[in-house]
> 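This structure is in structure tokens; I'll ask about it shortly.
Just so it is clear, the model here is predicted, and its values are computed rather than measured. Atom set for the values below is all heavy atoms of this structure, side chains included, hydrogens, waters and symmetry mates excluded. Lettering of chains follows the sequences in order, A, B, ..., and the numbering in each one begins at 1.
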Amino acid sequence: MSRSKVRQIFHILMDEFGEQGWWPGRSRLEVIVGAILTQNTAWKNVEKALENLGYAGLLPSSDEEDALEYARRYLKLGREGLARLIKPAGFFNQKAEYLLNFMEFFVGEGGFAGLGRLRTETLRKKLLSVKGIGRETADSILLYAFERPVFVVDAYTLRIFSRHDMDFGNYEDARRLVEDAFSDLDEGERVRVFNEFHALLVRVGKDYCRKHNPLCSACPLNSMD
DNA sequence: AACCAGGAGAGAG
DNA sequence: CTCTCTCATGGT
């Protein structure tokens with residue numbers, strides 16, 4: 001029932017905004033670092049922090065480079081130095097700790113080679129066990145860094161769905177709703193759809209669904225109801 | 001000048 | 001399980 005509605009929302013947004021090209025980043029490790037840094041933080045501020053990390057030699061310029069070597073540099077640098085570099089992203093003390101937690105986990109699991117062998121559900125549970133990686137960050141990492149068919153729910157998603165009849169307010173329910181809505185597609189197609197869908201929901205959320213910028217009347221999704 | 005951004009954890013009830 | 005509080009910089 002709401003299955004077709006979910007697809008309708010996706011196609012309206014796709015027609016309106018087109019491909020968003022997420023996730024910005026030159027390597028998978030940079031995608032993960034960005035996912036942690038952007039927790040409750042404007043992406044503009046994250047870019048400044050990423051720039052600092054890049055100059056400090058903490059971001060691979062491509063996936064051809066050994067991510068494990070970069071991960072060890074975080075551990076060598078430590079919380080103090082790391083916090084100073086990511087200061088523009090806010091919550092720098094927490095996020096420095098979170099980044100170190102992930103890098104320690106990453107090295108211990110054998111980097112992308114080791115983690116890449118795990119089944120999606122197993123990998124998700126392992127990511128969630130890292131202090132500082134919650135549901136949204138874990139799913140962002142699964143989708144954008146590991147290219148697993150996982151839909152990423154965020155505050156915009158719940159807000160937008162709520163304004164169009166589908167009032168869940170529950171992260172897992174909203175996630176399964178979208179994943180089930182596209183369950184007929186093969187894995188590669190779902191990765192593409194979930195990638196664009198989440199980016200599009202953030203886009204329309206920023207433009208029309210913000211609290212201090214309530215342009216609901218101009219939202220392209222109004223053509224549904 | 002309050003309000004919020006591509007959240008998460010800890011604690012209370 | 002659902003609130004509530006904290007963490008902090010930078011843009012509107």
> With rounding to the closest Å, how many angstrom separate the P atoms on dC7(C) and dG6(B)?
22 Å

> Taking only nitrogen or oxygen atoms into account, show me every contact under 3.5 Å that the protein makes with nucleotides 9-12 of chain C, one pair per line with its distance.
from, atom 1, to, atom 2, distance (Å)
dT9(C), O2, Asn45(A), ND2, 3.3
dG10(C), O4', Asn45(A), OD1, 3.2
dG10(C), O4', Asn45(A), ND2, 3.2
dG10(C), O3', Lys48(A), NZ, 3.4
dG11(C), OP1, Lys48(A), NZ, 2.9

> Would you kindly confirm whether Val46(A) and Tyr55(A) end up in one hydrophobic cluster when ILVMFWY residues are joined by side chain heavy atoms under 4.5 Å apart?
no

> Rounding to an integer number of Å, can you tell me how far Leu127(A) CG sits from dG7(B) P?
17 Å

> Using a strict 4.0 Å threshold on nitrogen-to-oxygen distance, state whether Arg203(A) and Asp207(A) make a salt bridge.
yes

> Atom CZ of Arg203(A) and atom P of dA5(B): how far apart are they, to the nearest Å?
17 Å

> If you round to the nearest 0.5 Å, how far is CZ of Arg192(A) from CZ of Phe197(A)?
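Rounded to the nearest 0.5 Å, the CZ-CZ separation comes out at 14.0 Å.
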
> Could you measure the distance from the CG atom of Asp173(A) to the CE atom of Met166(A)? Nearest 0.5 Å is fine.
13.0 Å

> Over 60° means perpendicular and under 30° means parallel, so classify the ring planes of Tyr208(A) and Phe17(A), tilted if in between.
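Geometry flag for Tyr208(A) against Phe17(A): tilted rings.
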
> So does Glu179(A) pair up with Arg175(A), basic N to acidic O under 4.0 Å?
yes

> How would you list, by chain and number, every residue that makes a ring pair (Phe, Tyr, Trp, His ring centres under 6.0 Å) with Phe146(A), sequence neighbours excluded?
Phe112(A)

> C1' atom, dA8(C) versus dC3(B): distance in rounded Å?
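Straight-line distance between the two C1' atoms is 14 Å.
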
> Between protein and nucleic acid, restricted to nucleotides 1-3 of chain C and to nitrogen or oxygen atoms under 3.5 Å apart, what atom pairs and distances do you find?
none

> Should Arg3(A) and Asp180(A) count as an ion pair when the cut-off is N to O under 4.0 Å?
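A salt bridge is absent here (no side-chain N lies under 4.0 Å from a carboxylate O).
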
> Which residues in residues 13-23 of chain A have at least one heavy atom lying under 4.0 Å from any atom of DNA chain C?
none

> Please report, rounded to the nearest Å, how far the P atom of dG7(B) is from the CZ atom of Phe102(A).
18 Å

> Any chance you could list the contact pattern along nucleotides 8-13 of chain B? Use B for base contacts, S for sugar-phosphate-only contacts and - for none, protein heavy atoms under 4.0 Å, 5' to 3'.
SSS---

> Find the distance between CG (Leu59(A)) and CD (Glu30(A)) and round it off to the nearest 0.5 Å.
5.0 Å

> Taking atom C1' of dG7(B) as reference, at what distance in whole Å does atom NZ of Lys95(A) sit?
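Rounded to the whole Å, the gap is 8 Å.
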
> Over how many whole Å does the gap from Leu201(A) atom CG to dG6(B) atom C1' extend?
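From Leu201(A) CG to dG6(B) C1': 11 Å.
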
> How would you list, by chain and number, every residue that makes a side chain to side chain contact (heavy atoms under 4.5 Å, CB included) with Leu77(A), sequence neighbours excluded?
Leu58(A), Leu82(A), Leu85(A)

> Please give, in whole Å, the distance from dA5(B) C1' to Arg159(A) CZ?
10 Å

> Using side chain to side chain contact (heavy atoms under 4.5 Å, CB included) as the criterion, point out the one residue from Asp154(A), Val202(A), Leu201(A), Leu13(A) that pairs with Ile160(A).
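Of all the options given, the one that passes is Leu201(A).
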
> Please find the pair of heavy atoms, one from Asn93(A) and one from Ala83(A), that lie closest to each other, and give the distance.
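Closest pair (atom of Asn93(A), atom of Ala83(A), distance): OD1-CB, 4.0 Å.
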
> Tell me if the centroids of the rings in Phe182(A) and Phe10(A) come within less than 6.0 Å of each other.
yes

